[in-house]
Amino acid sequence: MISFRSTEEELAFVEVAKNLAKEKIRPQARICERNQKLNEEIVQEVQELGFLSLELSEDWDGLELPLISQVQILQGLCYGDLDVVQGLPGAGDAASFIRFLNQRLDTYKTDIVDELQTVSYLDLSEDWGTNIEVKKEMNHYILNGMSQPVKLAAQADYVLIAVMDSNGEPILFWLDSSVHPWHVEEGDYRLGLLTSGIARFTFDHVKISTDAILAQGNTAEKIIQDGRTRVRILQAAREVGLMEAALDYATEYTASRKAFGQEIAKFQGVSFRIAKMAIETRIVNHLVWEAALQADQEHPEAEGLSLRALHRAHKSLRYVTDSAVQLLGGHGYIQEFPVEKWMRDAQAQVTLYGRERQCLKKRGEQIIAGNREEVMA
Amino acid sequence: MISFRSTEEELAFVEVAKNLAKEKIRPQARICERNQKLNEEIVQEVQELGFLSLELSEDWDGLELPLISQVQILQGLCYGDLDVVQGLPGAGDAASFIRFLNQRLDTYKTDIVDELQTVSYLDLSEDWGTNIEVKKEMNHYILNGMSQPVKLAAQADYVLIAVMDSNGEPILFWLDSSVHPWHVEEGDYRLGLLTSGIARFTFDHVKISTDAILAQGNTAEKIIQDGRTRVRILQAAREVGLMEAALDYATEYTASRKAFGQEIAKFQGVSFRIAKMAIETRIVNHLVWEAALQADQEHPEAEGLSLRALHRAHKSLRYVTDSAVQLLGGHGYIQEFPVEKWMRDAQAQVTLYGRERQCLKKRGEQIIAGNREEVMA
Amino acid sequence: MISFQLSEQQKQIKEMTHWFAANEIRPIAMEADRLGKVPDEWLDKVNKMGIHLNTSSFSGGGGEESSRKSKKEREGNRMGVLATEQMAWGCPAITLSLPGAGLGGPPVQSSGTPEQKERFLSIFTKEKPRWGAYALTEPEAGSDASGVKTTATKVDGGYILNGQKIFITNGGRASWVVAFATVDSTLGRAGQRAFVVEKGTPGFSCTKLVKKMGLRANETAELLFEDCFVPDENLLGGEKLYEASSNKPSGFQVAMKTFDSTRPIVASMAIGIARAAYEYTLDLVRQEYPKGGETSALAAEMLAEVEQNIAAARLLTWEAAWKADFGLPNAKEAAMCKAYAGQMSLDVCSKCMELLGPIGLDGHLVEKLFRDVKIFDIFEGTNQIQHLVVARRQYAAYEVRV
Amino acid sequence: MISFQLSEQQKQIKEMTHWFAANEIRPIAMEADRLGKVPDEWLDKVNKMGIHLNTSSFSGGGGEESSRKSKKEREGNRMGVLATEQMAWGCPAITLSLPGAGLGGPPVQSSGTPEQKERFLSIFTKEKPRWGAYALTEPEAGSDASGVKTTATKVDGGYILNGQKIFITNGGRASWVVAFATVDSTLGRAGQRAFVVEKGTPGFSCTKLVKKMGLRANETAELLFEDCFVPDENLLGGEKLYEASSNKPSGFQVAMKTFDSTRPIVASMAIGIARAAYEYTLDLVRQEYPKGGETSALAAEMLAEVEQNIAAARLLTWEAAWKADFGLPNAKEAAMCKAYAGQMSLDVCSKCMELLGPIGLDGHLVEKLFRDVKIFDIFEGTNQIQHLVVARRQYAAYEVRV
């Protein structure tokens, strides 16, 4: 039965998340950005509430929530600040892969779940911009080259790498900083998501023994595909949270700001833009929910829906955050108001998580190929 | 010196064209559409004013005007009605090729220029949708298959065909209805440009002797390229004329129509849309002018600029005519007002003259290849 | 629990209406457009099948059933949008021409007295096709529902109506029309009343059927009231409705409330049109485009965008319908889905035309859909009005009336 | 005759400014952004070279020359937009920090008395870098130029100013500021006056330099007037200007007139930024993208769109400047180019970021340009204001004031 009603449990989670967002995360966001580092208190609170292990399975003391619940909680948290949420330590995006590899990674559980050591997820599938070579030799692999910038690289204790080796075989590697001597490039990052440890890895002929292989072949392929689908959905959900923040902020501002003798909300040039922002935000919300529901059902179309949701999330996030700045006028551009940061974070986010046109093209090819059952309303 | 000032001669031409547009063409447009046939009086007047031979050379009693002048005149004429202008008999789009082939086609001059026999231009370069085969045999070619719908096909006395033969050699053919037994398909056209004789040609193994070859090889290639560039520019100019008509009509309507107690122009939801229409119309005007200027100079970049101008013209034409309908509300949708026809004509026009994304892609490839001197401001 | 899966009943109605659209509507769509009308025999036939268009909920077969299970979750609005999407996918002009109360249904349903409901809604029988209509728009007030100029002068036993209505769907053939008029223009919205005016009432006439860009098979009428006497019992809701506390439940409120249920229906139609264009084009691309070439690559992106936009509109529409089923205020959601679907569907048709290329001009369904779809961004409130409604709700919390 | 070819002089200024931008500005662009200022030595150096930013026309080297040939066609505005595009291509923040009268130039030039022009415009010498500034915006009135609340109370020999100004480019370092104030707020626009307030005037202070999303190397100040006495001779244009027939030439008119010449300049800057992002990205695509692959095909379309939009904005801007050179009214064209360029340039930067992908986050010029460019859709009148101006002109013929 078509329904847009969250469960009681979800509503309770969201309320907690949103309170934390409003009372702790947003007020601290500027400071975190300046320090390029999260406030310990926030980290602790998020951890205590279980929000760092939404995606982890119960063996890993995770909440193992369905995606449809997770996305709502993430929206709530990111209503505070996207950057802060992206900077949270622990399993990060890698959680969506680790959940399929619990036993294999059991020895790291305490470090990651309790000590909040950080995992960076590095996907080497992009067709340009990365020049990392993964060469198989005898009993080991040699990893060489520099990655694109990825999240949590600066503070990573571990790196989970998804890659095709030089023979075209999919592999998932687990690199441990105490074993594998990678190097994190000193970068020059100014745009946004500055607390989230974006950096590039350099591997100088790092030798990786087969121990470090988490999965390969068909198993790896399946985990990579499912994991990527989940990451797309969870990232798109974060973007919805930021959109909601920007929409509400701009609505409130334009409702009180006066010019030409009245609240600027009364000009359709303003109010129609607010309406468009509201519509776009709602659309992305729904597309994300739809993708989450299908992924929870392990529907074969979930991958395509995750591409669709992420594409729209990126596009709308840019629109909505830009609109918020625009509607605040000069105040939108200065750091005394949050919206300029949100616009920067938004652009960094869409830059980091998949090119819009690639998402669209990939989805379109699936549609034309038509080799999947269509999810039709 | 950068200047947007027309010459005195151009202004005089434009004034005549626009008067004709307002006083004759627009008032007759509905009737012409209903009859799917032009009013003889209009044809005669257009011919007498020389507007049927703007693109023809002086040997052909043409005005041989530079493109920058022609585009202004066409804008003026199409301010009346695009459909009517597209339906005018004579050389049509083929004029842009004939001008390079005067001597070769001398025997047809009187028929076309004075008797207004009609030439249809058929470009067989589209990569799908056309299934016409041009096969070389001994001393002749065999033409077989059905074309896409093209303008003036229904009333064509001659067909100018640009094609690559089965060996990949460019050829320009001249087909004469009295010699070459083509067939015009009875079609079902309802969208727009209904007076312009859109139809599909069928060739049933038509044998074409080498006499009918106007040019081939490098010569043909050059003429085809230049001719196409000119057609793009002249068609884009027609679109500007229609945009100006739609903009002015919608402006006047919204300035007088009242709702909620005031002229609807006073709502920014309306007035900002008018502003956007005005901006887009101006932009296309300028891009068309720029392409025309460069083509007049035979600048190698002219082809790229014609693609650019046509792409924007198509996109903006759709936007502006749709906006006009939207701003007239229910009145926009009914046949007592001209804007619904303009929107239909506009969609037919962009459908007929080159796909937007193909224009963009081709232009983009040229840019990346960078093998042409860049026209930089 | 959040879910986008259809219930059994929803699946059934969807499949049934899809079947009907594919087998009964679509085959005559192009011909009906050419004729400028839906053939009478066809209307007779479908009326006998019990297929009606009720814009608050699509009724196929047993209308009695729904009353039986009032204790279960209401899903009439969701059923309505599911069904309408399918029908409009077949052909929107024919869908709008289906017998039934049409857009006149919701106001009678929501505001009529029990006696009026019985009297006006029971006429839609299998015996012969009949229509209801909704007459709000006037020559001098398009989107301005508060600017009604048709007057209703109280006389003994009824009202005398004078005025003109335009753009009335099925207005010429309708057995009755819900017409809005004002008893006192100085009262503004509070002076508005809704009347059910029956065909054949002296002084009530259809003066013209207009020719349109699209939806040519569907009748759009101009109506005239000249000293037209309408008895008291045809005042929608009766005098009581308008006497109620303060000036809230005026005819204006009736009109506005109607929109909250009809806008999702209109949005569904736009979605059905867009989907028809999309599926038609996708089939053609799959069959005719060279595989793997660059044309195909460009098509991939465009089709993905189109498919995404259709899904986006559909989910907005479902939300509006879901809220209505729960009796929750849905004016914002209804305006959102209508605003988005109305605009997106034209864009979809235009993109599909681009993918079809010139052959699309010659007897292909998509060009008809392009002509049909534009009105969906205009009637039942223009896109601009929808944005205004959304904005108004958005600012409601701040007590700023935009 | 219509022509988009540059005259010899236009070519020269373009090449000269391009050389300067490429060799002097661009190399320090990223560093200046990091520092949050343009290095003083650099400013000293370029000031000695005679490079100034006059927003009505760029002056490089001999400012005297232009006066010599007043009989020839004026081309100052066209030269201005050509030069500014090049400079902003180098770096917009540095361009806006160049010594000179800046946005304060046009009002002094257009409305100042001969004595004032001499006094205020002659200070920009090679001796040391100096700036002028323009102070219209106030905390409670962003785009509403008519809502100035700063008061000017007439006293013996001058005026007492009280009020606050925000978002003032180079406001802290400026030797003088053209400040707008009202002598009587009940008079509305007619009560407005423009004053040239000199640095060091008692009661005049810079209270804050704000941190911004971008343009970080350029100073944005908040200014405060507290019982600040400004002598009569600093009333821009003198009392005569404001006494003139009816209430036309008020300070409000001075402000508005200024916009007609500064908006094309601001548009040029946005265009320069967009072009910088485009060229940077095109180079990268040419060098790094796999040839002929699908990535490259997607890039082709995006780059073509970007290049088209830049050309579109440039031609609109040229038209506005051309009209100004001929003394033709250009408010509409000035608003058009600003509206379009402001919005398009952000879109261009965003598309370029997409083409760069994640590496674009790490020390690439485009991300800085993305941060810089947003303000160009806001200052000198937001995008919304520009649309209003365009619409107002569009409806002027129908005597409807929107």
Side-chain angles (χ1 to χ4, degrees), chain A residues 126-131 146-151 185-193 198-200 257-261 264 267-270 273 314 318 322 325-336 339-341 343-344 346-348 350-358 360-361 365, chain D residues 30 33-34 137 139-144 146-147 166-167 210-216 220 284 288-290 293-299 301-302 342-343 346-347 349-351 353-364 366-368 370-371 374-375 377-379 382-385 387-388:
Chain A
E126 268 266 356
D127 62 348
W128 83 275
T130 288
N131 51 355
M146 183 160 68
S147 79
Q148 297 226 24
V150 289
K151 199 183 78 170
E185 290 294 313
E186 181 92 39
D188 177 4
Y189 299 92
R190 307 181 195 180
L191 181 59
L193 299 184
I198 299 169
R200 309 167 79 149
R257 173 84 177 169
K258 288 187 182 179
F260 304 97
I264 61 174
F267 296 101
Q268 292 186 347
V270 170
R273 184 96 177 231
H314 280 6
R318 290 192 293 104
D322 170 30
V325 170
Q326 186 68 29
L327 292 176
L328 263 74
H331 291 116
Y333 197 65
I334 66 174
Q335 304 201 347
E336 284 151 65
V339 292
E340 69 83 25
K341 176 176 189 296
M343 182 173 165
R344 289 187 287 106
Q347 183 65 44
V350 304
T351 302
L352 217 47
Y353 283 98
R355 295 162 196 239
E356 284 167 48
R357 301 213 44 180
Q358 299 282 15
L360 207 52
K361 180 148 179 297
E365 284 163 355
Chain D
M30 288 299 280
D33 179 72
R34 197 184 60 77
T137 306
E140 292 310 314
S143 284
D144 181 5
S146 65
I166 58 171
F167 306 143
V210 295
K211 286 188 186 300
K212 306 186 297 299
M213 179 181 188
L215 282 190
R216 292 180 183 174
T220 301
L284 186 134
E288 309 262 336
Y289 269 46
E294 67 173 49
T295 338
S296 184
L298 290 183
E301 262 192 280
M302 288 177 81
Q343 194 159 31
L346 176 71
D347 183 62
C349 290
S350 192
K351 284 200 168 72
M353 285 297 292
E354 183 173 344
L355 288 170
L356 261 58
I359 63 149
L361 295 174
D362 184 7
H364 284 267
V366 176
E367 77 79 20
K368 184 190 105 70
F370 174 87
R371 287 185 285 108
K374 179 63 208 169
I375 195 63
D377 208 19
I378 296 174
F379 66 8
T382 61
N383 192 280
Q384 285 70 27
I385 293 294
H387 275 82
L388 192 63

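Hydrogens, waters and symmetry mates play no part in the numbers below; they use all other heavy atoms, side chains included. Throughout, a chain's letter reflects where its sequence line sits, starting with A, and its residues are numbered from 1.
- The structure places NZ of D:Lys211 at 11.0 Å from CD of A:Glu340, a figure rounded to the nearest 0.5 Å.
- Taking CD of A:Gln358 as the start and OG1 of D:Thr295 as the end, the distance is 5.5 Å to the nearest 0.5 Å.
- Between D:Pro139 and A:Arg257 the shortest heavy-atom distance is O-NH1, 2.5 Å.
- In terms of heavy-atom pairs under 4.5 Å with chain A, the best-connected choice from D:Met302, D:Gln384, D:Lys374, D:Lys368 is D:Lys374.
- Annotation for D:Phe167 and A:His331: closest pair CZ-N, 3.4 Å, computed over non-hydrogen atoms.
- Here the closest heavy-atom approach between residue A:Arg355 and residue D:Pro358 is recorded as NH2-CD, 4.2 Å.
- Each of A:Arg273, A:Lys361, A:Glu185 has some count of heavy-atom pairs under 4.5 Å with chain D, and the biggest count is that of A:Lys361.
- Here the NZ atom belonging to D:Lys351 is positioned 7.0 Å from the CZ atom belonging to A:Arg318, to the nearest 0.5 angstrom.
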- Begin from the C-alpha positions of A:Tyr333 and D:Leu215 and carry the test side chain to side chain contact (heavy atoms under 4.5 Å, CB included) through to its verdict. CA-CA 10 Å; A:Tyr333 197 65; D:Leu215 282 190; 3.9 Å; yes

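- Between D:Ile385 and A:Phe260, the shortest heavy-atom distance links the atoms CD1-CZ, 3.7 Å.
- For A:Asp188 against D:Asp362, the heavy-atom pair with the smallest separation is N-OD1, 2.8 Å.
- Taken from CG in D:Leu346 to CD in A:Gln347, the straight-line distance is 8.0 Å, to the nearest 0.5 Å.
- Neither the backbone nor the side chain of A:His314 has a heavy atom closer than 4.5 Å to any heavy atom of chain D.
- For chain D, the option among A:Asp322, A:Val150, A:Val350 with the highest count of heavy-atom pairs below 4.5 Å is A:Asp322.
- Between A:Gln326 and D:Thr382, the side chains place no donor N or O within less than 3.5 Å of an acceptor N or O (distance only, hydrogens not considered).
- A:Arg190 contributes atom CZ, which lies 4.0 Å from atom CE of D:Met30 (distance to the nearest 0.5 angstrom).
- Legend: residues meeting salt bridge (charged side-chain N to carboxylate O under 4.0 Å, His left out) with A:Arg357, ordered by chain and number and at least two apart, are C:Glu301, D:Glu301.
- With a threshold of 4.5 angstrom between heavy atoms, A:Leu191 approaches chain D through its backbone and through its side chain.
- Of the two parts of A:Lys341, neither the backbone nor the side chain holds a non-hydrogen atom closer than 4.5 Å to a non-hydrogen atom of chain D.
- The distance from atom CG of A:Leu327 to atom CG of D:Asn383, rounded to the nearest 0.5 Å, is 10.5 Å.
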- Item | side chain to side chain contact (heavy atoms under 4.5 Å, CB included) evaluation trace for A:Val325 with D:Ile378 | CA-CA 9 Å; A:Val325 170; D:Ile378 296 174; 4.0 Å; yes

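- Side-chain contact between A:Phe267 and D:Leu388: absent, with no pair of heavy atoms (C-beta onward) separated by less than 4.5 Å.
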